[in-house]
S.K.: 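Before I ask anything, here is the structure I am working with.
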Amino acid sequence: MKHNFRKIEEKWQQKWEEAGIFKAVDGSDKPKFYGLVEFPYPSGAGMHVGHIKAYSSLEVISRKRRMEGYNVLFPIGFDAFGLPTENYAIKTGTHPRKITDDNIAKFTEQLRRVGFSFDWDRVIDTTDEDYYKWTQWIFLKLFEHGLVFRSKALVNYCPSCKVVLSNEDSQGGKCDICHSDVVQKSKDVWYLKITEYADKLLEGLDHVEYPANVKQQQVNWIGKSTGAFVDFTLDGIDEKLEVYTTRPDTLFGVTFMVIAPEHPLIDKYAGRVGNMAAIEAYRSECAKKTEFERTQLVKDKTGVKIDGIEAVNPITGKKIPVFIADYVMMGYGTGAIMGVPAHDQRDYEFAKKFGAEIVEVIKGGDILVEAYSGDGEMVNSGFLNGYTNKKDSIARMIEELEKMGVGRAGVQFKMKDWAFNRQRYWGEPIPIVHCKECGMVPVPYEELPLRLPKVENFEPGTEGESPLAKIESFVNCTCPKCGKPARRETDTMPQWAGSSWYFLRYIDPHNDKAFADPEKLKYWMPVDWYNGGMEHVTRHVIYSRFWHHFLYDIGMVNTPEPYKKRSIQGLILGPDGDKMSKSKGNVVDPLDIVKDYGADTLRTYVLFMGDYGAATPWNDNAVKGCKRFLERVSGFVDIISEDADTQKLETPFHKTIKKVSSDIEDMKFNTAIAALMTLTNDIYAVGKLNKEQIQIFAKLLCPFAPHLSEEIWEVTGGEGFLSVQSWPTYEESKTIEAQTEIGVQINGKLRSTVVIPTGAEKEEVFAIAKADERIASLTQGKTFVKEIYVPNRVVNFVVK
RNA sequence: GCAGGAGUGGCGGAAUGGCAGACGCAUCAGACUCAAAAUCUGACGUAGGUGACUAUGUGUGGGUUCAAGUCCCAUCUCCUGCACCA
């Protein structure tokens, strides 16, 4: 049979759609499988081969699950709010709604042509008002439960996009969208209190199957540390200066304090400060630097001593100087630290430069050379002298501090609250009204969705206010509480809002009474397997876990963790080994591959090209190799025979069923496909195969190359769709060959191979090996010291 | 600096401590062809040998073991994430 991929791919895509065989069934009594892939952002560029690889893993697993008798939910949708669309709208003067609709149509067409077995009845679009109604609903629930607050803060601001960015969106000091430098700006910001869930997010990791590096990255991101808050006093002023430290037991070694340049203490006591001019100069210098510069540059410690203010060590009563320095961040801990130069390298460098005293309190290092942060005996530390265990000395110090009322055990997280507003048009409006009388008032639930007004001009204001602020009819409203005139919030939610709960909406996408029916949620959740990219580990995955934990706490979902298992796909690099990018011109368009080689070839290649989790360069020739493989499979149809010779293939078939089945579960798609290629070579070596065998082969190939497999199933007289036939099974006993070739080593070096009956006794194997001509001649006149046999693998004779 | 991962032919990559290089690509030779493409057959880590074979070989240096790509110690390089986090 000729592999006419153009004809058969169109044919089967149409048939699948007409028959609706990939639709998930609500209320089924079959076991369920919920396979999830990260829904795409529908950009104007269309799909990328990376999307194909990202979806292919769960496509294969979902197809296998269906054949194994599961009720499978394998949905797709579009995460369509966001800046790229809005920027394109501004540039072209086209409404983002139209751009989004066009792009979704384009993506949909592309996805269909690859033959993915998505349930197309459940497609969602985060910009659809029936969808974002529920995004707003969840926001109001968060608001109702005190997890939303507003605060003036230094924020990451992108001057080019004119938008406030979260920490997650400005990693490395660059805007995630346009890559310009981010600056610090003071703004009113909506925050979601994700930090309140830091412990739950950390603890939840113990109950999910994520790859070790993914877990580790989330642990680092959350950055929990335990320690203590200690109150220093200021000499002659009735004021506390609170610090956070992980080593309160080094309190006897504190010789100075440092506060962040932005610390409010300075302005409060400006009158007492003798060198305010110098301090102001230093502060404005710091303000010019971005956070990136402040944290990234390897540089000398800088700072200024505050004249006229001294702190008092609560334990020793000693007076110590106070500095401002930019190595202390306002955003972590209390914005103030106690300087322990003997045991903290940063404090050490600072002390050296500014001439502060260095007092050793832990023995074990050489404080003349560098700070010592290891363990050791406590010295110069009053009641702590003689302690050698860090845990004990910390516990004792906290006990003392608590007794004295000047300190307490505490926990800090690196994770910060989630900045949750953007000054942009193309996002979910934040459903809050500002009333002079009542303050911030939530829009009543029954008024949702709060729709985006129609706008002609999407340009944000020069000071970064939202385009919505210019729409009087939107802004002016009445307070839902007191009925007096009020103003609407004009900021919108960030890109990450819609994707924080989308997997719940797939379960019941058309429900207009709730975001999803509780019974359906109970049946389908949690997501059994979620595949996506490494880049979302500290953003989308954390955010969505947070929302889901919250929904669990208010009784809206039945599990705390949304995703049971997470896997990560590796990047597809350009043929030159560089990351694919338009500017390098090394981007491969999946539709070109579909046109030239077929969807089955594309699907097979992206999984065969290498380890699924690793970054692998694209190789056009290797694509042809996969095409050649499928053509050889196609040729099986012409060599069907009910000849007895085909029995030679029994063992290879059972072996392959076993290997393909387990490799798919382990995401070792490359070796699964290799096993099918090996079997193909075996089949051509025999020269024929029977009908049962070709149908088994088609089933094994079906998750990878479903169009060709369906075609083979049909032309060999298979009934119905192959995609819903049962997955082949194997018998362990039939995966074993009657005879096995094993290696024979002398002193660990391979010298010969012999054929033994599989599972033969040790003694028999030794006899066969010794009878081998080469072995016999090499061991002639030598003494056998030791004889080792690894069943069905290798024999090793140790001789002298 | 901290954490995680990876270094295997010309290339992508396989190998529960047990015959390194499965499978594919590229290359070379042969068949078919007027010829080319496609297809089929064979060779294909490196060095030596006509040859059966011999030596050598998984970043580097040690070690454990009858046996190491795999385990241990040290070291170099690369990738990914975090990073003055007190």
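Everything quoted here is computed from the prediction, not taken from an experiment.
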S.K.: Determine the interplanar angle of the A:Phe636 and A:Tyr684 rings, folded into 0 to 90°, and report it as parallel if under 30°, tilted if 30 to 60°, perpendicular if over 60°.
M.R.: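 Judged by the thresholds at 30° and 60°, the geometry between A:Phe636 and A:Tyr684 is tilted.
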
S.K.: For RNA chain B, whose closest nucleotide is more 5', that of A:Lys749 or that of A:Lys786?
M.R.: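 Between the two, 5'-proximity favours A:Lys749.
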
S.K.: Roughly how many Å apart are B:C25 and B:G13, using the C1' atom of each and rounding to a whole number?
M.R.: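 Pairwise C1' distance, B:G13 against B:C25, rounds to 11 Å.
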
S.K.: For the side chain of A:Asp344, starting at C-beta, report the closest nucleotide among B:G81, B:A86, B:C53.
M.R.: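 Nearest to the side chain of A:Asp344 among the choices is B:A86.
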
S.K.: Please give the distance between the P atoms of B:A22 and B:A43 as a whole number of Å.
M.R.: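 That atom pair is separated by 12 Å.
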
S.K.: What does nucleotides 7-26 of chain B look like as a protein-contact string, B for base, S for sugar-phosphate only, - for none, at under 4.0 angstrom between heavy atoms?
M.R.: -----BSSSB-BB--BBSSS

S.K.: If pairing requires Watson-Crick or G-U wobble contacts with both distances under 3.5 Å, which nucleotide is the partner of B:C2?
M.R.: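 The base-pairing partner of B:C2, which may sit in any strand shown, is B:G81.
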
S.K.: Taking only the C1' atom of each, what is the distance from B:U16 to B:G49 in whole angstrom?
M.R.: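 Roughly 39 Å separates the two C1' atoms.
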
S.K.: Does B:C40 pair with anything, Watson-Crick or G-U wobble, both distances under 3.5 Å, and if so, with which nucleotide?
M.R.: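 B:G30 is the nucleotide pairing with B:C40.
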
S.K.: Between the side chains of A:Tyr327 and A:Asp347, does any donor sit under 3.5 Å from an acceptor?
M.R.: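 Yes, side-chain donor-acceptor contact under 3.5 Å.
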
S.K.: In whole Å, what is the span from the NZ atom of A:Lys215 to the P atom of B:G4?
M.R.: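 Going from A:Lys215 (NZ) to B:G4 (P), I get 14 Å.
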
S.K.: Taking the same atom, C1', in B:C85 and in B:C79, what whole-Å distance lies between them?
M.R.: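 Here B:C85 and B:C79 have their C1' atoms 25 Å from each other.
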
S.K.: Could you tell me how far B:G62 sits from B:A68 if I compare only their P atoms? Round to whole Å.
M.R.: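 Comparing P positions in B:A68 and B:G62 gives a spacing of 15 Å.
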
S.K.: If we take the P atom in both B:C11 and B:U58, what is their distance in whole Å?
M.R.: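 One P to the other, the span is 16 Å.
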
S.K.: At their closest point, which heavy atom of A:Pro341 faces which heavy atom of A:Ala371, and how far apart are they?
M.R.: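 Distance-wise, the nearest heavy atoms are O-CB, 3.6 Å.
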
S.K.: Which nucleotide, in any strand shown, forms a Watson-Crick or G-U wobble pair with B:A68, with both distances under 3.5 Å?
M.R.: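 Per the H-bond distance test, none.
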
S.K.: It should be established whether A:Tyr332 places a side-chain nitrogen or oxygen under 4.0 Å from OP1 or OP2 of nucleotide B:A86.
M.R.: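 A:Tyr332 to B:A86 OP1/OP2: side-chain N or O found under 4.0 Å.
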
S.K.: May I ask which nucleotide in the shown strands pairs with B:G17, Watson-Crick or G-U wobble, both distances under 3.5 Å?
M.R.: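 Answer to the pairing question: none, since B:G17 forms no Watson-Crick or G-U pair.
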
S.K.: State the pairing partner of B:U50; accept Watson-Crick or G-U wobble contacts with both distances under 3.5 Å, and report none otherwise.
M.R.: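 Checking every strand shown, B:U50 finds no partner, since no pair has both distances under 3.5 Å.
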
S.K.: What is the distance, to the nearest angstrom, from the CD atom on A:Gln569 to the P atom on B:U80?
M.R.: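 In whole Å, B:U80 P and A:Gln569 CD are 16 Å from each other.
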
S.K.: How many Å lie between CD1 on A:Ile222 and P on B:A3, as a whole number?
M.R.: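 That distance rounds to 19 Å.
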
S.K.: For the residue pair A:Phe697 and A:Phe653, categorise the inter-ring angle as parallel (less than 30°), tilted (30 to 60°) or perpendicular (more than 60°).
M.R.: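 Judged by the thresholds at 30° and 60°, the geometry between A:Phe697 and A:Phe653 is perpendicular.
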
S.K.: Please name the nucleotide paired to B:U58 by Watson-Crick or G-U wobble geometry with both distances under 3.5 Å, or report none.
M.R.: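 Paired with B:U58, as far as the under-3.5 Å criterion goes, is no nucleotide at all.
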
S.K.: Atom CD of A:Gln412 and atom P of B:C85: how far apart are they, to the nearest Å?
M.R.: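 Rounded to whole Å, this separation is 13 Å.
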
S.K.: Would you please say whether a donor-acceptor pair under 3.5 Å links the side chains of A:Tyr730 and A:Ser661?
M.R.: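 Checked: A:Tyr730/A:Ser661 side chains show no N/O donor-acceptor pair below 3.5 Å.
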
S.K.: Does B:G10 have a Watson-Crick or wobble mate here (both distances under 3.5 Å), and if so which one?
M.R.: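 Looking at the geometry, B:G10 pairs with B:C25.
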
S.K.: Could you check if the base of B:G62 is syn or anti? Syn means the glycosidic torsion is within 90 degrees of 0.
M.R.: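 Glycosidic conformation of B:G62: anti.
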
S.K.: Please state how far atom NZ in A:Lys224 lies from atom P in B:A86, giving the value in whole angstrom units.
M.R.: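 A:Lys224 atom NZ is separated from B:A86 atom P by 14 Å.
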
S.K.: When you compare the side chain of A:Leu573 with that of A:Trp618, does any pair of heavy atoms fall below 4.5 Å?
M.R.: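 Side chain of A:Trp618 against side chain of A:Leu573, heavy atoms only: no contact under 4.5 Å found.
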
S.K.: Name the orientation class of the two ring planes belonging to A:Phe797 and A:Phe784 (parallel below 30°, tilted from 30 to 60°, perpendicular beyond 60°).
M.R.: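 Because their plane-to-plane angle is over 60°, the rings of A:Phe797 and A:Phe784 count as perpendicular.
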
S.K.: Once you round it to whole Å, what is the distance between P of B:G81 and NE2 of A:His536?
M.R.: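 Spelled out: NE2 on A:His536 to P on B:G81 is 13 Å.
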
S.K.: Roughly, in whole Å, what's the span from CG in A:Leu571 to P in B:A6?
M.R.: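 About 17 Å, once rounded to whole Å.
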
S.K.: From B:C85, B:A3, B:A86, pick the nucleotide closest to the side chain of A:Lys414?
M.R.: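 Nearest to the side-chain atoms of A:Lys414, counting from C-beta on, is B:C85.
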
S.K.: Say you pick atom P in B:G69 and the same atom in B:G18; how far apart are they, in whole Å?
M.R.: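 One P to the other, the span is 10 Å.
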
S.K.: For B:G7 versus B:U75, give the span between their C1' atoms, rounded off to a whole number of Å.
M.R.: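 About 14 Å, rounded to a whole number of Å.
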
S.K.: Look at A:Arg751 and B:A67 and indicate whether a side-chain polar atom (N or O) is within less than 4.0 Å of OP1 or OP2.
M.R.: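 Answer is no, no contact under 4.0 Å.
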
S.K.: Which atom names give the shortest non-hydrogen contact between A:Ile742 and A:Val794, and what distance separates them?
M.R.: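 Where A:Ile742 meets A:Val794 most closely, the heavy atoms are CB-N, 4.3 Å.
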
S.K.: Can you tell me how far C1' of B:U39 sits from NZ of A:Lys2, to the nearest Å?
M.R.: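 Nearest whole value for this atom pair: 13 Å.
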
S.K.: Which class fits the ring pair A:His343 and A:Tyr372: parallel under 30°, tilted 30 to 60°, perpendicular over 60°?
M.R.: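 Geometry flag for A:Tyr372 against A:His343: perpendicular rings.
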
